[in-house]
Amino acid sequence: MQGNQSVHLQIATPKGVFNGSFPKTAKISEVIDAVVADRGLKTGDVFELCHDGQKLTPTTRPLVSFGLEGTVKLELIATGSGV
């Protein structure tokens with residue numbers, strides 16, 4: 001077997017840190033949806049994940065395509081959802 005097939009994420013959110021593991025093939029959008037649901041954030045808002053200040057876009061890409069392995073610290077940022 002080759003290495004671990006999951007990535008452990010520590011994600012800073014407006015409502016505290018989310019800790020969880022996801023398959024390396026999970027899409028960024030799936031991770032965002034899981035964190036928003038877990039933390040009870042407003043589902044109508046638009047969120048982005050950032051790693052070392054870089055937005056992880058497009059959200060249709062899997063975690064592995066960003067080179068994320070092992071334990072990774074990310075930030076969940078709410079972007080403008082209206083004025």
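When reading the values below, keep in mind they use all heavy atoms of this one structure, side chains included, and skip hydrogens, waters and symmetry mates.
The two residues I77 and C50 come nearest to each other via the heavy atoms CG1-SG, 3.9 Å. Considering every non-hydrogen atom in both F47 and T79, the closest pair reads N-OG1, 4.4 Å. Pairing each heavy atom of Q10 with each of T71, the nearest pair is CD-CG2, 3.9 Å. Nearest heavy atom pair, residue N19 against residue H8, reads OD1-NE2, 3.6 Å. Considering all non-hydrogen atoms of both residues, T25 and P62 come closest at O-CB, 3.5 Å.
For S6, the side-chain hydrogen bond (donor to acceptor under 3.5 Å, both in side chains) test picks out N4, with sequence neighbours left out. The side-chain hydrogen bond (donor to acceptor under 3.5 Å, both in side chains) test applied to R39 returns no partner, not counting sequence neighbours. By the side chain to side chain contact (heavy atoms under 4.5 Å, CB included) test, T57 pairs with K55, sequence neighbours left out.
Counting heavy atoms from C-beta on, the side chains of I32 and L76 come closer than 4.5 Å.
Interatomic distance, CG of D33 versus CG of D38, reported as 12.5 Å (0.5 Å rounding). One finds the CG atom of L9 at 9.5 Å from the NE2 atom of H51 (value rounded to the nearest 0.5 Å). Considering CG of L49 and OG1 of T59, their distance stands at 9.5 Å, rounded to 0.5 Å. Distance check, rounded to the nearest 0.5 Å: CG of L41 to CZ of F18 gives 11.0 Å.
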Quick one, K24 with E69, criterion side chain to side chain contact (heavy atoms under 4.5 Å, CB included). Give me CA distance, side-chain angles, the key distance, then yes/no. CA-CA 8 Å; K24 287 183 178 181; E69 296 183 13; 4.2 Å; yes

From CA spacing to verdict: side chain to side chain contact (heavy atoms under 4.5 Å, CB included), I28, T60: CA-CA 6 Å; I28 297 299; T60 54; over 6 Å; no

Between I11 and V17, does a side chain to side chain contact (heavy atoms under 4.5 Å, CB included) hold up when you go through it step by step? CA-CA 5 Å; I11 304 173; V17 176; over 6 Å; no

Given the rule in the side chain to side chain contact (heavy atoms under 4.5 Å, CB included) test, do F22 and E30 qualify, once you have shown the distances and angles that lead to the verdict? CA-CA 9 Å; F22 292 86; E30 295 169 340; over 6 Å; no

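Shown here is E75, whose CD atom has no more than 12 heavy atoms of other residues, nucleotides or ligands within 6.0 Å.
When atom types are taken as modelled, the side chain of K15 and the backbone of G40 share a donor-acceptor pair closer than 3.5 angstrom.
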